[in-house]
Peer 1: 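Starting off with a structure, shown below.
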Amino acid sequence: GKIGISLATPLGFASPIWPASGLALGWVLLYGWRLLPGVLLGSLFINLDTVIHATGLSLFEVNWIKPVLSGAGAAAQAFIGVWLIRRYVGINLAFEEPEVVIKTLVLGGLVATLTNATWSELVLSWGEEVSSERWLQNWFIWWIGDSIGVIIFTPLVLVWNPQSPFFDRSRALIV
């Protein structure tokens, strides 16, 4: 038998690194809740594209319920991440103090990402996309992909955004 865990999930819904999670969290942290509908729509269109390529169906033949629900999970994850960070870290995300960096990455990258991994795996297991034997493996891949996306890309959004009040070119180059 083959030993090891595959990093592939059914229909390609999860990835070992998902930059969109980190980008969504960073942008919503900087510009507020009004960006959450964009997170939902972005996730919806990515999920629809995944289903269309996996099934060969057209945009109008695909059942939109699961992609919409999964998109809602992505928006909820960004919402929860921002809420946790603002509640327990504060609004000043200058990323100058190690405590701020660590709390932000733990709350946004390890805790909040439990939201979409759990929600979307439940949505997918509602049908035949995820077998009960692979549920935990798929959930873990989803969570890791979102977590790594947040840990890598959220700090880049916060530090490299020239519109941010915390932007400093020399510090951004170091990061």
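These numbers were taken from a predicted model, which means no experiment stands behind them.
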Peer 1: Enter the distance from Lys103:NZ to Arg87:CZ here, rounded to the nearest 0.5 Å.
Peer 2: 11.0 Å

Peer 1: What closest approach, in Å, do Val51 and Pro67 show between heavy atoms, and which atom pair accounts for it?
Peer 2: CG2-CG, 4.4 Å

Peer 1: Are the side chains of Leu41 and Phe45 in touch, meaning some heavy atoms are under 4.5 Å apart?
Peer 2: yes

Peer 1: Rounded to the nearest 0.5 Å, what separates atom CG in Leu69 from atom CG in Leu40?
Peer 2: 9.5 Å

Peer 1: Which heavy atom of Asn63 sits nearest a heavy atom of Ile65, and at what distance?
Peer 2: OD1-N, 2.9 Å

Peer 1: Looking at Asn47 and Ser43, would you say the former's side chain and the latter's main chain have a donor-acceptor pair under 3.5 Å?
Peer 2: yes

Peer 1: Name every donor-acceptor pair, under 3.5 Å, that has one atom in a side chain of residues 107-115 and the other anywhere in the protein, sequence neighbours excluded.
Peer 2:
unit_1: Thr113; atom_1: OG1; unit_2: Gly109; atom_2: O; d: 3.0
unit_1: Thr113; atom_1: OG1; unit_2: Leu110; atom_2: O; d: 3.4
unit_1: Thr113; atom_1: OG1; unit_2: Trp143; atom_2: NE1; d: 3.0
unit_1: Thr113; atom_1: OG1; unit_2: Ser147; atom_2: OG; d: 2.9
unit_1: Thr115; atom_1: OG1; unit_2: Ala112; atom_2: O; d: 2.8

Peer 1: Does atom CD (Glu99) have a neighbourhood of more than 12 heavy atoms from anything else shown, all under 6.0 Å?
Peer 2: no

Peer 1: Ignoring hydrogens, what is the shortest heavy-atom contact between Trp135 and Thr118? Give both atom names and the distance.
Peer 2: CZ2-O, 4.4 Å

Peer 1: Side chains of Pro19 and Ile17, heavy atoms from C-beta outward: is any pair under 4.5 Å?
Peer 2: yes

Peer 1: First locate atom CH2 of Trp18, then atom CD1 of Ile46, and finally report the distance between them rounded to the nearest 0.5 Å.
Peer 2: 4.0 Å

Peer 1: Side-chain contact, heavy-atom cut-off 4.5 Å: Leu25 with Val82?
Peer 2: yes

Peer 1: Could you check whether any side-chain heavy atom of Lys66 comes within less than 4.5 Å of a side-chain heavy atom of Trp126, counting everything from C-beta outward?
Peer 2: yes

Peer 1: Under 4.5 Å between any side-chain heavy atoms of Trp27 and Val39, yes or no?
Peer 2: no

Peer 1: I'd like to check Leu59 versus Trp64 (side-chain heavy atoms, cut-off strictly below 4.5 Å). Are they in contact?
Peer 2: yes

Peer 1: For Trp83 versus Tyr88, what's the shortest heavy-atom pair and its separation?
Peer 2: CZ3-CE1, 4.5 Å

Peer 1: Please check: side-chain N/O of Arg86 versus main-chain N/O of Leu29, any donor-acceptor pairing under 3.5 Å?
Peer 2: yes

Peer 1: So Leu23 and Val157, side chain to side chain contact (heavy atoms under 4.5 Å, CB included) or not? Walk me through it.
Peer 2: CA-CA 7 Å; Leu23 297 172; Val157 168; 3.6 Å; yes

Peer 1: Could you give me the CA-CA distance, side-chain angles and deciding distance for Trp33 and Val28, then say whether side chain to side chain contact (heavy atoms under 4.5 Å, CB included) is met?
Peer 2: CA-CA 6 Å; Trp33 309 114; Val28 176; 4.3 Å; yes

Peer 1: Could you pull out all residues at least two apart from Asp146 that satisfy side-chain hydrogen bond (donor to acceptor under 3.5 Å, both in side chains)?
Peer 2: Ser21, Gln77, Trp142

Peer 1: Could you work out, with side-chain hydrogen bond (donor to acceptor under 3.5 Å, both in side chains) as the rule, every residue matching Trp119, not counting sequence neighbours?
Peer 2: none

Peer 1: When you look at Phe140 and Ile144, which way does the side chain to side chain contact (heavy atoms under 4.5 Å, CB included) test go after all the steps?
Peer 2: CA-CA 6 Å; Phe140 182 72; Ile144 288 294; 3.6 Å; yes

